[in-house]
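Because the structure is predicted, anything quoted here is derived from the model rather than measured.
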Amino acid sequence: MRPELTKDLLIKDFTDFYWLKTELQQFCRENNMSPSGSKMELSKRIEVFLTTGDTQQSKSPSKRRSSSKTQAPLTLDTVIGENHRCSQKVRTFFKDAIHPTFHFSTYIQNYFKENVGKTYRDVVKAWHEEEKRKKQPSYQKEIAPQFEYNRFISDFFKKKNNGKSRDDAIAAWKHLKVQPGSNQYRS
């Protein structure tokens with residue numbers, strides 16, 4: 001049975017169980033830690049807290065974002081900066097430059113992070129290359145590690161669970177997530 005998430009929880013018990021992002025955020029709020037960030041960032045923050053008691057309060061001034069009113073207009077020659085944000089303004093630019101169905105896929109978000117110094121023209125090229133790959137029969141969309149539920153459901157159906165329904169997969173997930181250990185699908 002899954003223990004309660006409290007400041008007295010053993011680190012092993014924390015890492016052995018599945019936690020919802022909302023639970024992690026609530027824990028952070030209750031223990032004077034920042035509740036912002038990805039699920040993986042929250043988990044790491046809590047692991048440090050449970051191990052050392054450190055709430056990791058910011059030791060450096062927060063990054064200020066410049067006002068969009070003072071930024072230059074976006075063009076294909078816009079350079080990807082180190083603190084690039086996938087904002088609504090950027091989304092609108094790419095919808096106009098590429099296609100109205102453009103969205104920030106995991107692939108494109110990672111492209112921005114991994115290609116600082118390249119231009120939006122390179123992003124357009126990468127988007128078209130990814131769209132071409134998606135049409136290949138062997139294409140497998142990668143599910144990021146923090147999306148444990150999605151990975152489990154996908155793996156459930158890859159493992160020859162013929163005749164099984166989505167409800168069967170969800171029931172298997174609900175059973176597994178309250179057990180200690182990995183949340184990966186196992187036959």
Donor-acceptor under 3.5 Å ([X] side chain, [Y] main chain):
X: D16; Y: D13; answer: no
X: T52; Y: F49; answer: no
X: S154; Y: N150; answer: no
X: K7; Y: G53; answer: no

Which residues satisfy the side chain to side chain donor-acceptor pair (under 3.5 Å) test with [X], sequence neighbours excluded?
X: R121; value: D77
X: E23; value: R2
X: E148; value: N183

At their closest point, which heavy atom of [X] faces which heavy atom of [Y], and how far apart are they?
X: N31; Y: T55; result: O-CG2, 3.5 Å
X: R186; Y: L176; result: NH2-CD1, 3.1 Å
X: K113; Y: V116; result: O-CG2, 4.0 Å
X: P35; Y: C28; result: CA-CB, 4.0 Å

Worksheet item: Where does the angle between the aromatic ring planes of F102 and W127 fall among parallel (under 30°), tilted (30 to 60°) and perpendicular (over 60°)?
Response: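 Ring orientation, 0 to 90° scale: tilted.
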
Discussion item. Can you tell me how the ring of Y120 sits relative to the ring of F93, calling it parallel under 30°, perpendicular over 60° and tilted otherwise?
Written reply: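 The arrangement is tilted - the two ring planes meet at 30° to 60°.
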
Would a hydrophobic clustering, with Ile, Leu, Val, Met, Phe, Trp and Tyr connected at side-chain separations under 4.5 Å, put [X] with [Y]?
X: L20; Y: I153; value: yes
X: L5; Y: M33; value: yes
X: V90; Y: V79; value: no
X: Y107; Y: F104; value: yes
X: L9; Y: L42; value: yes

Would you give the length of the straight line joining atom [atom1] of [X] to atom [atom2] of [Y], rounded to the nearest 0.5 angstrom?
X: L74; Y: K89; atom1: CG; atom2: NZ; value: 5.0 Å
X: M40; Y: K21; atom1: CE; atom2: NZ; value: 12.0 Å
X: Y111; Y: K125; atom1: OH; atom2: NZ; value: 8.0 Å
X: T78; Y: D122; atom1: OG1; atom2: CG; value: 11.5 Å
X: R45; Y: F27; atom1: CZ; atom2: CZ; value: 12.0 Å
X: R91; Y: R85; atom1: CZ; atom2: CZ; value: 11.0 Å

Quick one: does [X]'s side chain get under 4.5 Å of [Y]'s, heavy atoms only?
X: T92; Y: Q88; value: yes
X: E130; Y: I108; value: no
X: P3; Y: F17; value: yes
X: E30; Y: T6; value: no
X: L76; Y: V124; value: yes

Worksheet item: When you look at D155 and Q184, which way does the side-chain contact (heavy atoms from CB on, under 4.5 Å) test go after all the steps?
Response: CA-CA 8 Å; D155 290 346; Q184 289 185 321; 5.5 Å; no

Discussion item. Around atom CD of E114, are there more than 12 heavy atoms from other residues, nucleotides or ligands closer than 6.0 Å?
Written reply: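 Yes.
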
Item to complete: Please say which of K135, K134, R133 ends up in a salt bridge (charged side-chain N to carboxylate O under 4.0 Å, His left out) with E131.
Response: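 Output: one option passes, namely K134.
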
Practice prompt. Going by the ring pair (Phe, Tyr, Trp, His ring centres under 6.0 Å) test, name the single residue among F157, Y149, Y185, F156 that passes it with W173.
Written response: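 Running ring pair (Phe, Tyr, Trp, His ring centres under 6.0 Å) over F157, Y149, Y185, F156 with W173 returns exactly one hit, Y149.
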
